[in-house]
**Q** 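Dropping a structure here in structure tokens format, bear with me for questions.
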There are 2 protein chains.
Amino acid sequence: MSVSLADLRTENPGIFADGCPTRTVLDHVMGKWGVLVLMALSDGTQRWGVLRRNVSGISEKMLASTLKTLEADGLVARTAYPEVPPRVEYSLTEQGGDLMSRVIPLMEWVAANADDIVSRRR
Amino acid sequence: MSVSLADLRTENPGIFADGCPTRTVLDHVMGKWGVLVLMALSDGTQRWGVLRRNVSGISEKMLASTLKTLEADGLVARTAYPEVPPRVEYSLTEQGGDLMSRVIPLMEWVAANADDIVSRRR
DNA sequence: CGGTATCCAGTAGGATACTG
DNA sequence: CAGTATCCTACTGGATACCG
């Protein structure tokens, strides 16, 4: 059986509190670029250059730092092949994939409702 | 049957592209404070002061601007009672609740995995 | 109580150039 | 190709004070 969020918070008031680990993870995953990079990778393993094109609008700097953060979090795996020219591939780890299985329904909702929401704003 | 994200993106390549409505909504909802305010409200209708305490760490300025954004998005409803002293209550709209039904499973995952992720980082 | 207004600091993040 | 390095700006967001 699944535990509701209200239950979670009641049982553990420290959760989502200022400075707690959940905030850190939230900042990484929900930041401007985190989700977008993870989403791109949920389409499958990709090389740096492809990833950069798929996450439209991201700068090299932000792609690099986002990937480093997500890799340190254990959500993304980096594989470098000792070739010339260099080839580096990024993919979701098992944990990253697990996370994305929760993120994707949310993204589908956003995709379905975004036009409505944005057009209502004035 | 539900449509996969990959299908969504294949059928509509403009989705999640730079500057498109999905990005706007994502920025509002996934921003540093957006989710946290929505989460607090998913515990039920709350007055400004209570909300401020529940979203620990938020400043008055950010609470005000976050609530305005979410209200303009139609995700949060504001009700002011003509009393002295003033009383204002915030709650999720139907659409906001719908959104949160997708966000909550994600938050449960984050709550369950945050310690693991953060402790692995070094 | 429920906000605004103002000021200010830190940093997220963009542009460009360069390298192994 | 896959990044670093450097510089610089803009906005996020905090602190404080004040108002209806």
Side-chain angles (χ1 to χ4, degrees), chain A residues 16-20 23-41 44-73 76-91, chain B residues 16-20 23-41 44-73 76-91:
Chain A
F16 302 119
D18 198 14
C20 90
R23 289 280 182 102
T24 305
V25 174
L26 235 39
D27 285 347
H28 295 174
V29 172
M30 315 283 275
K32 183 173 174 58
W33 298 114
V35 231
L36 294 169
V37 168
L38 289 169
M39 283 230 315
L41 287 176
T45 298
Q46 276 162 78
R47 301 180 61 164
W48 162 278
V50 176
L51 204 45
R52 177 153 163 49
R53 276 184 296 280
N54 283 343
V55 183
S56 91
I58 199 171
S59 67
E60 296 190 344
K61 178 181 174 177
M62 290 323 298
L63 179 55
S65 85
T66 302
L67 283 172
K68 269 186 193 161
T69 301
L70 296 175
E71 196 193 347
D73 285 337
V76 163
R78 192 194 111 115
T79 314
Y81 298 87
E83 304 173 354
V84 177
R87 179 164 59 103
V88 181
E89 292 185 343
Y90 292 88
S91 59
Chain B
F16 302 120
D18 197 15
C20 89
R23 289 280 183 102
T24 306
V25 173
L26 235 40
D27 286 346
H28 296 174
V29 172
M30 315 283 274
K32 184 174 175 58
W33 298 114
V35 231
L36 294 169
V37 168
L38 289 168
M39 284 229 317
L41 287 176
T45 298
Q46 277 163 77
R47 300 179 63 164
W48 164 278
V50 177
L51 203 45
R52 177 153 163 49
R53 276 186 296 281
N54 282 344
V55 183
S56 91
I58 198 170
S59 66
E60 297 190 344
K61 178 181 174 178
M62 290 325 299
L63 179 55
S65 85
T66 302
L67 283 172
K68 269 186 193 161
T69 302
L70 296 175
E71 196 194 347
D73 285 337
V76 163
R78 192 193 111 115
T79 313
Y81 298 88
E83 304 172 356
V84 177
R87 180 164 61 100
V88 180
E89 292 184 344
Y90 291 89
S91 59

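Proteins come first, then strands; the chains are lettered A, B, ... in the order of their sequence lines, and each starts at number 1.
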**Q** Are side-chain heavy atoms of A:Val88 and A:Thr79 found at a separation under 4.5 Å?
**A** no

**Q** Tell me the interatomic distance from B:Gln46, atom CD, to C:dG3, atom P, rounded to whole angstroms.
**A** 14 Å

**Q** With heavy atoms under 4.0 Å as the rule, sort B:Tyr90 into base, sugar-phosphate or nothing.
**A** sugar-phosphate

**Q** Without swapping roles, check the side chain of A:Arg87 against the backbone of A:Arg47 for a donor-acceptor pair under 3.5 Å.
**A** no

**Q** Base, sugar-phosphate alone, or nothing: which one does B:Arg47 contact when heavy atoms must sit under 4.0 Å apart?
**A** sugar-phosphate

**Q** In whole angstrom, give the distance that lies between atom CD1 of B:Ile58 and atom P of C:dG3.
**A** 13 Å

**Q** Can you check nucleotides 10-13 of chain C for protein contacts, nitrogen or oxygen pairs under 3.5 Å, and list what you find?
**A**
from: C:dG13; atom 1: N7; to: A:Lys61; atom 2: NZ; distance (Å): 2.9
from: C:dG13; atom 1: O6; to: A:Lys61; atom 2: NZ; distance (Å): 3.0

**Q** In terms of side-chain heavy atoms, does A:Tyr90 have a donor or acceptor partner in A:Glu71 at a distance below 3.5 Å?
**A** no

**Q** Per the side-chain hydrogen bond (donor to acceptor under 3.5 Å, both in side chains) rule, which among A:Thr66, A:Thr69, A:Asp73 passes with A:His28?
**A** A:Asp73

**Q** Contact class for A:Arg52 (heavy atom, under 4.0 Å): base, sugar-phosphate, or nothing?
**A** nothing

**Q** Between the two end axes of the helix from C:dC1-D:dG20 to C:dG20-D:dC1, each built from 5 base pairs, what angle do you get to the nearest 10°?
**A** 50°

**Q** Check whether any side-chain heavy atom of B:Arg23 sits under 4.5 Å from a side-chain heavy atom of A:Leu36, and report yes or no.
**A** yes

**Q** Compare all side-chain heavy atoms of B:Arg78 with those of B:Leu67 and state whether any distance is below 4.5 angstrom.
**A** no

**Q** What are the bounds, 5' to 3', of the part of DNA chain D that sits under 4.0 Å from heavy atoms of chain B?
**A** D:dG13 to D:dG20

**Q** Start at the 5' end of DNA chain D and walk down; is the nucleotide closest to A:Pro85 or to A:Glu60 reached first?
**A** A:Pro85

**Q** What is the distance from CZ of B:Arg78 to C1' of C:dG2, rounded to the nearest Å?
**A** 8 Å

**Q** Could you tell me the separation between the CE atom of B:Met39 and the CG atom of A:Leu26, rounded to the nearest 0.5 Å?
**A** 7.0 Å

**Q** For a side-chain contact (heavy atoms from CB on, under 4.5 Å) check, start with the C-alpha distance between B:Leu63 and B:Trp33, then their side-chain angles and the critical distance, and finish with the verdict.
**A** CA-CA 8 Å; B:Leu63 179 55; B:Trp33 298 114; over 6 Å; no

**Q** Set out, in order, the CA-CA distance, both residues' side-chain angles and the distance that settles side-chain contact (heavy atoms from CB on, under 4.5 Å) for B:Tyr81 and B:Glu89, then state yes or no.
**A** CA-CA 8 Å; B:Tyr81 298 88; B:Glu89 292 184 344; 3.3 Å; yes

**Q** With the side chain counted from C-beta on, respond yes when B:Val76 and B:Leu38 share a heavy-atom pair under 4.5 Å apart, and no when they do not.
**A** yes

**Q** Examine distances only and state if a side-chain atom of B:Gln46 and a backbone atom of B:Ala40 form a donor-acceptor pair shorter than 3.5 Å.
**A** yes

**Q** So which one's nearest nucleotide on DNA chain D is more toward 5', B:Pro86 or A:Gly49?
**A** A:Gly49

